[in-house]
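To start, the structure itself, in structure tokens.
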Amino acid sequence: MIATITMPRLLYVGGGALAEVTTALFRLGARRPLIVTDRFMESSGMLARLTDRLDAASIAWRAFSDTVPDPTSDVVEQGVEALRAAPYDSLIALGGGSPIDTAKAMSVLAANGGHMRDYKVPNEIPKLGLPLIAIPTTAGTGSEVTRFTVITDSARDEKMLIMGLACCPAAAIVDYELSLSMPWRLTADTGLDSLTHAIEAYVSRKASPFTDGVAKAAMALIARNIRTACHEPNSRAAREAMMLGATQAGMAFSNASVCLVHGMSRPIGAFFHVPHGLSNAMLLPEITAFSAPAALERYADCARAMGVASEGEGNQAAVARLVDELRALNRDLKVPTPKEYGLAEARYQELLPVMASQALASGSPGNNPRVPSADEIVDLYRRVYA
Ligand code: NAD
């Protein structure tokens with residue numbers, strides 16, 4: 001099998017890496033960036049940490065700060081208008097997955113025209129757009145290294161997956177110091193998101209020896225540090241491990257795809273506005289239990305990489321430990337069930353067939369070791385509701 005690997009051209013990784021932003025711009029031949037960020041980045045002074053460096057290098061910039069969590073096609077269109085207002089030659093995204101995904105979508109739409117839904121998988125994106133430097137502040141979606149963007153179609157409330165080389169940032173600046181300000185809940189949700197990426201990449205039918213290595217490295221870092229990062233937010237060692245793990249998990253799933261958890265998670269996010277990492281975490285233990293019989297050894301490897309099963313332990317026992325650990329993580333990190341989160345039961349039940357068909361249409365369940373039918377997906381949605 002030949003694995004095709006897509007990655008940014010430049011990666012700066014480590015505490016203080018933000019200082020490399022001007023070098024990154026120059027190396028990409030760019031001089032005039034539009035920054036894509038959100039209101040919190042602006043008000044918290046995080047944006048100023050970036051723009052001070054651009055000012056010091058006499059780089060003219062403007063910021064589009066109107067991105068929203070779980071970006072919508074409407075916001076992307078506003079961003080494209082901002083992009084057309086001046087002859088920008090690059091984009092810099094600063095923030096969590098939402099500003100990064102917005103910037104990717106702006107680059108795609110500005111270069112190709114039409115509507116965001118025109119590029120929904122399996123459609124191709126004909127042209128590459130402006131180069132993007134992605135600077136994540138959560139650990140994280142891994143979007144800084146992935147060839148995906150996830151945009152909600154404002155007209156249809158559908159979380160669309162858009163995929164291709166045009167969505168891969170040209171450069172990523174992975175500076176864990178930007179994640180030190182994350183509050184407890186955000187640390188837990190985004191950390192669980194990256195753990196899900198690593199596990200799903202490893203068990204995916206599209207996994208390769210390349211993605212296996214980074215997926216296991218990511219699982220080891222995240223599983224050993226997620227509780228510390230939540231309970232000791234100033235632990236630089238835990239923050240550094242989580243940020244690196246999130247980026248490695250991004251490299252893994254960008255090139256091996258995600259599976260059933262993500263397929264089922266996106267409709268929950270789109271219809272009920274549950275944060276992405278949280279909806280993944282709600283599903284992860286149950287879907288792992290459902291899928292594991294079809295790939296016992298792969299899931300057992302996950303348990304070993306996470307340090308919850310020993311090397312010599314049999315696969316069946318290791319998988320049992322994995323499912324136990326995922327349930328324990330949800331308990332320790334206070335992940336609610338959909339019911340506890342407040343998803344109205346009648347609406348949830350009513351939407352199950354639509355959510356199942358959107359999950360299947362995304363293609364992600366087809367990568368799962370056990371490929372579910374629509375009825376099985378509905379059943380899994382029912383089981384996790386609790
Ligand atoms: P986010 O970008 O939506 O941010 C959530 C909130 O956290 C925002 O209010 C933001 O201002 C705040 N925040 C961000 N960094 C902070 C910091 N350091 N300190 C304090 N507050 C901070 O959150 P996210 O979970 O990173 O991104 C979720 C989005 O990413 C979803 O839309 C999801 O679909 C997408 N996603 C994309 C990919 C991909 O490969 N493209 C992968 C996974 C998820």
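First listed ligand is number 1; within each ligand, the first listed atom is number 1.
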(request) Carefully, step by step, assess D89 and R31 under the rule salt bridge (Lys or Arg N to Asp or Glu O under 4.0 Å). (result) CA-CA 7 Å; D89 61 9; R31 295 287 182 279; over 6 Å; no

Using a 4.0 Å cutoff against the non-hydrogen atoms of [X], which atoms of ligand 1 qualify?
X	value
D38	8 (C), 10 (C), 11 (O)
M46	17 (C), 18 (N)
D70	31 (C), 32 (O)
L178	18 (N)
T138	14 (C), 15 (N), 26 (O)
P99	2 (O)
T146	39 (C), 40 (O), 41 (N)
P183	20 (C)

(message) If we set the cut-off at 4.0 Å for heavy atoms, which region of M182 has an atom near ligand 1: side chain, backbone, both, or neither?
(response)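 Answer for M182: both.
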
(message) Heavy-atom distances under 4.0 Å decide this one: backbone, side chain, both or neither, for D193 against ligand 1?
(response)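 It is the side chain that touches ligand 1; the backbone stays farther off.
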
Could you tell me if any non-hydrogen atom of [X] lies under 4.0 Å from any atom of ligand 1?
X	value
K159	yes
H197	yes
M41	yes
P71	yes

Could you tell me if [Y] and [X] have a donor-acceptor pair between their side chains, going purely by distance under 3.5 Å?
X	Y	result
D70	T152	no
T211	N255	no
E42	T37	no
T67	D38	no
S73	S154	yes

Identity and distance of the protein heavy atom lying nearest [atom]:
atom	answer
atom 5 (C) of ligand 1	L186 CD1, 4.0 Å
atom 1 (P) of ligand 1	S98 OG, 3.4 Å
atom 21 (N) of ligand 1	F40 CE2, 3.2 Å
atom 23 (O) of ligand 1	G97 N, 4.1 Å
atom 41 (N) of ligand 1	D101 OD1, 2.8 Å

(message) Treating S179 as the side-chain partner and Y176 as the backbone partner, does any N or O pair qualify as donor plus acceptor under 3.5 Å?
(response)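 Yes: the side chain of S179 pairs with the backbone of Y176.
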
(request) Considering only protein heavy atoms, determine whether one is less than 4.0 Å from atom 25 (O) of ligand 1. (result)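 It does: a protein heavy atom is found less than 4.0 Å away from atom 25 (O) of ligand 1.
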
(request) Quick one: do D153 and R117 satisfy salt bridge (Lys or Arg N to Asp or Glu O under 4.0 Å)? Show the steps, please. (result) CA-CA 7 Å; D153 188 337; R117 76 177 70 94; 2.8 Å; yes

(message) Are the side chains of V76 and L109 in contact, using a 4.5 Å heavy-atom criterion?
(response)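 Result yes, sub-4.5 Å side-chain heavy-atom pair found.
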
(message) Using heavy-atom distances only, which candidate in P69, S179, S181 approaches atom 17 (C) of ligand 1 most closely?
(response)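 Going through P69, S179, S181 one by one, S181 has the nearest heavy atom to atom 17 (C) of ligand 1.
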
(message) Looking at E313 and R304, is any side-chain nitrogen of the basic one under 4.0 Å from a carboxylate oxygen of the acidic one?
(response)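 E313 and R304: not salt-bridged.
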
(request) With R62 as the cation and Y88 as the aromatic partner, state whether NZ or CZ is under 6.0 Å from the six-membered ring centre and within 45° of the axis. (result)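 No, R62 and Y88 do not form such a contact.
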
(request) Anything under 30° is parallel, anything over 60° is perpendicular, the rest tilted; go ahead and classify Y381 against Y348. (result)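 Perpendicular: the ring planes of Y381 and Y348 meet at over 60°.
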
